[in-house]
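Comments concern the structure below.
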Amino acid sequence: AGMSVAKLDKLKQAVKLVCFFDNDLAGDTASSKVQEYVGEHTVVKKVIYPPEVQKKQDANDLQPDLLKKLLQQHLHIL
């Protein structure tokens, strides 16, 4: 499913985004498109799936503990 222009416009307001798209070419393309759309004023970080996660496996296929670990690498909670 694609992202609407309205959703992308909301992303432009962010200072930092963490992209957690599918673990395939479409996910890589989506992350690149987000970075291109929001421009240089927004830091875009992409969640990198570990090597043991097979291509075509997505976030909903992962165990909660691994999801938490992958997201914690990008989130700094005070």
Side-chain angles (χ1 to χ4, degrees):
M3 288 180 276
S4 69
V5 172
K7 287 181 184 177
L8 288 170
D9 283 341
K10 287 181 182 180
L11 295 179
K12 283 185 174 182
Q13 299 172 23
V15 175
K16 180 178 180 181
L17 295 170
V18 177
C19 294
F20 204 158
F21 290 111
D22 293 349
N23 188 28
D24 56 17
L25 182 58
D28 292 341
T29 301
S31 293
S32 296
K33 285 184 177 182
V34 167
Q35 177 67 72
E36 185 179 308
Y37 192 81
V38 297
E40 294 179 12
H41 72 279
T42 301
V43 175
V44 177
K45 297 289 186 178
K46 178 183 170 197
V47 172
I48 304 297
Y49 288 79
E52 64 269 16
V53 176
Q54 302 296 314
K55 286 286 184 188
K56 306 271 185 202
Q57 278 187 303
D58 301 325
N60 62 334
D61 298 320
L62 304 179
Q63 294 296 315
D65 287 344
L66 181 55
L67 288 171
K68 180 179 176 182
K69 178 181 171 185
L70 294 174
L71 284 172
Q72 281 180 329
Q73 297 172 10
H74 299 285
L75 302 177
H76 303 285
I77 300 172
L78 301 176

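Counting non-hydrogen atoms of other residues, nucleotides and ligands closer than 6.0 Å to CD of Glu40 gives a total of 12 or fewer.
The distance from the CG atom of Asp58 to the CZ atom of Phe21 is 12.0 Å, given to the nearest 0.5 Å. Note: Asp65 CG to Leu67 CG = 9.0 Å, rounded to the nearest 0.5 Å. In this structure, the separation between CG on Leu66 and NZ on Lys68 is 12.5 Å, given to the nearest 0.5 Å. Atom-to-atom distance recorded for Gln35:CD and Thr42:OG1 is 7.5 Å, nearest 0.5 angstrom. Expressed to the nearest 0.5 Å, how far NZ of Lys46 lies from CG of Asp28 amounts to 3.0 Å.
Counting all heavy atoms, side chain and backbone alike, Ile48 lies closest to Leu70 at O-CD2, 3.6 Å.
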### Query
Are Ser31 and Val44 close enough, and set up right, to give a side-chain contact (heavy atoms from CB on, under 4.5 Å), and what steps lead you there?
CA-CA 8 Å; Ser31 293; Val44 177; 5.6 Å; no
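Criterion: ILVMFWY side-chain heavy atoms under 4.5 Å apart, direct or through other members. Under it, Leu75 and Val47 are part of a common hydrophobic cluster. In the hydrophobic clustering of ILVMFWY residues, with side-chain heavy atoms under 4.5 Å counting as a link, Val34 and Val43 come out apart.
Within the structure, ring-ring contact (aromatic ring centres under 6.0 Å, His included) contacts touching residues 27-63 (residues at least two apart or in different chains) are Phe20-Tyr49. Among residues at least two apart or in separate chains, there is no ring-ring contact (aromatic ring centres under 6.0 Å, His included) pair with a member in residues 50-72.
Side chain of Asp24 to main chain of Ala26: a donor-acceptor pair is present (N/O by atom type, distance under 3.5 Å, no hydrogens or angles). Using modelled atom types, one side-chain atom of Lys16 and one backbone atom of His74 make a donor-acceptor pair closer than 3.5 Å.
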